[in-house]
Amino acid sequence: MSGPLLLGVRHHGPGSARAVRAALDAARPGVVLIEGPPEADALLPLAADERMRPPVALLAHAVDDPGRAAFWPLAAFSPEWVALRWALDHGAAVRFVDLPAAHSLAMTGDPTWGDEDDDDTGDGDAGEPSAVGRRGLRLDPLAVLAETAGYDDPERWWEDVVEHRAAPADDPLAPFAAVAEAMAALRETYGHGGNARDPVREAYMRLQLRAARKEHGDDAVAFVCGAWHVPALAARTAVTADRALLRGLPKVRTETTWVPWTHRRLARRSGYGAGIASPGWYGHLFAAPDRPVERWMTKVAGLLRDEDRLVSSAHVIEAVRLAGTLAAMRGRPLPGLTETTDAVRAVMCDGSDVPLALIRDRLVVGDVLGEVPDGAPAVPLQRDLNRLQRTLRLRPEAAERELDLDLRKDTDAARSRLLHRLRLLGVDWGTPERARGTGTFRETWRLRWEPELHVRVAEAGVWGATVLSAATAKAEADALAATALAEITALAEQCLLADLSEALGPVMKALADRAALDADVGRLARALPALARSLRYGDVRATDTAALAEVATGLALRICVGLPPACAGLDADGAAEMRGHVDTVHTAIRLLPDADEVATRWTAVLERLARRDTIPGALRGRAARLLLDDGRLAEDEAARLMGLALSPGTAPAEAAAWIEGFVGGAGGPGRDGSGGMLLVHDERLLALVDAWLTAVPAEAFTDVLPLLRRTFSAYEPGVRRTLGELVRRGPAEGGGAVLAGAGAPGFGTGLDEARADGVLPLLDLLLGRRRSDDDERVGVDR
């Protein structure tokens, strides 16, 4: 060595990582400087811990504002990680020498310094080289060099010149000299490349380089940094000039730790060196000792076999041959990811891109999640979360997975509480899904751990040192800050799901205060369902919901009083919105405990809506349908109301709206198909609809057709087919109603109770139910 060894690299480049290892083995420096935050120097010994498994990242965040944070991710194939491990393994001093995070975080969001993006070595978005090789106002060095060499893809150019070429055995420093020369030419043309922070960072790094040379000597220092910085670090500058650039920089108090990272997160562009398109492929290239293409094809074949695709050894051999042939035809030294992908598509996937999506997700990107030893610094909330994860055997995983919980089991109930508490804190590790089955004792979650959740945990740490205390404090604060009634009712539901008994009191007080002042029926209707669900959840979770039931009952009674006046005089859009409120309130009232009085009042409201002419047709039809479903309206009376709504004196558009409200499913036209089944099994109603439809004047038919089509097209194909057969048979001939089974093929003239009872033993068997003597009574069974 002669002078400090400047090793310019590409972040997360396996070729750079191999070259760095070879250069360090040849030079044997006494100190290794690495581009990174100096605050993390105390954490460097943890990299030697056998429990530390990359990919990992350094996380620095502002103490007073944890949301202001930055990551420095390191994969096994990152040159910085290789240099760090080399120094620790060989007893060399090692430290980070980039601009301190205390300054860089303080500069974040400051327009004077621009947006931070430490991806300064040309890890540009593949396939996006512009005419000047820029991403916005930032220079992409790889894009410029690739374009100059005649490549349209920076990733492919980098593979050809670095990844697929080994450093000369007699001169391991040759690749770094070539890269430094190319970067020097770019710096002469483009200056700092559009990043106002680079001159400041480079001034700090030069000062640290001078200090290391003074302490250890020129020939004992190796500096691993982004290749873009090499010309600036090699330049001769005055110490006073560098210090002047650093004078007056903003500063914040920071904390730093190691956190697990993922290959999937490396494949996204944000922060230091992220945004590589194929971390799984790069990891394979770095780890494969020899014959990387053959080993890759074997991995692909194993994955496809696991997915029950027929892939043999002959497929692997032929794919390897085809990849080599494609590389030769394209003038490449070795097959790259493009060639291997084309070969896999042709040989193993029969030309289909569908299996390739799986290969890209599982292998090219991958779901590798790193590990960090327990001794790494962490906020108290993170430590409590780690403890709960171990206790509940709920390990964070990078791959998305589904978790089914049975709340009757203590462990599953505790897992549910943890996930709900984390959601309340904004740590969305799990997303609730629609549970299989209809019981309230089951939950289904979709889990995926993302590295950014460590930042969310740090942010939530201001609320408390444990997940329970933090969630409780956050719920109380949210209750005070809520401005809408629906927000507070949703918060009350969250408190019950998360079992935050201490927070429920303040939340209920805020709910009662807000409900007393709110007279808008729409807002009251939006608030009631969450309360009703909360009462139902309280049963399985053994939660005291007496106060909640009182508030819910009060809301329901106020809705009963205010709904009829609120429904009068609405236009079509207003009626559609109010219809949704009617559906949700109807469902919610049936969930309220001991709600006989409320149910009676609600039935009276629906009867008023169904018979009042000033109410829009969609609401009158919906009210009639809800009464019919609940057995509060006789079928003859329902037919009478439909006949009135479809009488010649009613405007066709209003009649069509009544039909939509009556036969449409819950939540929208035909949403659940129940309206179609109603018409299938009650031909009197179908006859009324058919007779009205055939009598609509031609000039009005065009106006009502879109509304009717929206209603009937939402039915299942089988329902539509059956309705068509019934209409073709002529249920509305003569305009009269046809009784179900009156001369219809396959139907008798009345009910055959003996034949109906014959199905009961089979139903008992399916339901796992034993019949008692009392069950033999036909009335009970039916």
Side-chain angles (χ1 to χ4, degrees), residues 11 34-76 78 80-81 83-85 87-88 94-106 108 116 118 251-263 265-266 270-274 368-390 395-398 422 425-427 429 449-467 470:
H11 300 312
I34 301 175
E35 183 183 334
E39 292 91 341
D41 284 350
L43 304 176
L44 293 179
L46 286 174
D49 193 310
E50 61 182 10
R51 293 169 296 177
M52 177 81 86
R53 183 170 64 87
V56 293
L58 288 166
L59 165 62
H61 65 85
V63 175
D64 298 330
D65 183 10
R68 179 175 291 189
F71 294 96
W72 287 261
L74 299 171
S78 298
E80 296 85 355
W81 178 260
L84 172 57
R85 289 304 307 264
L88 294 174
V94 59
R95 58 178 180 263
F96 287 127
V97 291
D98 199 354
L99 187 69
H103 296 307
S104 61
L105 291 179
T108 300
E116 176 66 333
D118 282 336
K251 189 175 182 179
V252 295
R253 192 160 58 95
T254 62
E255 290 181 349
T256 309
T257 187
W258 288 106
V259 296
W261 204 252
T262 67
H263 273 185
R265 189 63 185 82
L266 281 172
S270 70
Y272 179 89
V368 178
L369 174 64
E371 293 182 4
V372 171
D374 294 337
V379 297
L381 182 61
Q382 181 68 63
R383 293 191 178 280
D384 184 59
L385 176 57
N386 294 341
R387 178 187 63 82
L388 291 171
Q389 288 171 338
R390 290 193 299 269
R395 179 184 177 131
E397 296 179 7
L422 291 176
L425 290 170
V427 183
W429 176 18
W449 185 266
E450 297 281 4
E452 290 86 347
L453 295 179
H454 289 283
V455 178
R456 304 285 83 80
V457 172
E459 288 181 301
V462 301
W463 298 106
T466 66
V467 175

**Request:** Ignoring hydrogens and angles, tell me if any N or O in the side chain of T257 forms a donor-acceptor pair with the backbone of A376 under 3.5 Å.
**Result:** no

**Message:** Donor-acceptor check, side chain of E39 to backbone of A101, threshold 3.5 angstrom: yes or no?
**Reply:** yes

**Complete:** Rounded to the nearest 0.5 Å, the CG atom of L369 sits from the NE2 atom of H263 at a distance of 10.5 Å

**Prompt:** Checking ring pair (Phe, Tyr, Trp, His ring centres under 6.0 Å) for the pair W258/H454: CA distance, chi angles, key distance, verdict?
**Reply:** CA-CA 10 Å; W258 288 106; H454 289 283; over 10 Å; no

**Prompt:** Can you check whether R456 reaches L425 side chain to side chain, under 4.5 Å on heavy atoms?
**Reply:** no

**Prompt:** Which atom names give the shortest non-hydrogen contact between L88 and A48, and what distance separates them?
**Reply:** CD1-N, 3.8 Å

**Item:** Beyond-backbone contact of E35 with V97, side-chain heavy atoms, under 4.5 angstrom
**Value:** no

**Complete:** When rounded to the nearest 0.5 Å, the distance separating CD of E459 from CG of D65 is 7.5 Å

**Prompt:** How close do R383 and P377 get, heavy atom to heavy atom, and via which atoms?
**Reply:** NH2-CA, 3.9 Å

**Prompt:** Does any non-hydrogen side-chain atom of L84 lie less than 4.5 Å from one of L44?
**Reply:** yes

**Request:** Kindly indicate, with the supporting measurements, whether the criterion salt bridge (Lys or Arg N to Asp or Glu O under 4.0 Å) is fulfilled by R395 and E371.
**Result:** CA-CA 11 Å; R395 179 184 177 131; E371 293 182 4; 2.7 Å; yes

**Prompt:** Can you find a heavy atom in the side chain of W463 that is under 4.5 Å from one in the side chain of L381?
**Reply:** no

**Prompt:** Heavy-atom distance under 4.5 Å between the side chains of P451 and T262, does that happen here?
**Reply:** yes

**Request:** Indicate the ring-plane relationship of F71 and W261, choosing parallel, tilted or perpendicular according to the 30° and 60° boundaries.
**Result:** tilted

**Prompt:** Could you state the interatomic distance from CZ (R390) to CG (L388), rounded to the nearest 0.5 Å?
**Reply:** 9.0 Å

**Prompt:** So how far is it from D384 CG to Q382 CD, rounded to the nearest 0.5 Å?
**Reply:** 10.0 Å

**Prompt:** Do you know which two heavy atoms are closest between P260 and G370, and how far apart they sit?
**Reply:** CB-O, 3.2 Å

**Complete:** To the nearest 0.5 Å, atom CD1 of I34 lies from atom CH2 of W81 at 10.0 Å

**Item:** Minimum heavy-atom distance L99-S104, with the two atoms named
**Value:** CD2-N, 4.4 Å

**Request:** Quick one: pull up CG in D98 and CZ in R95 and give me the separation to the nearest 0.5 Å.
**Result:** 14.0 Å

**Item:** Heavy-atom pair with the smallest gap, counting every atom of T254 and A102
**Value:** CG2-CA, 3.7 Å

**Prompt:** V368 and P55: which non-hydrogen atoms are nearest, and at how many Å?
**Reply:** CG1-CD, 3.6 Å

**Asked** Side-chain contact, heavy-atom cut-off 4.5 Å: P54 with L74?
**Response** no

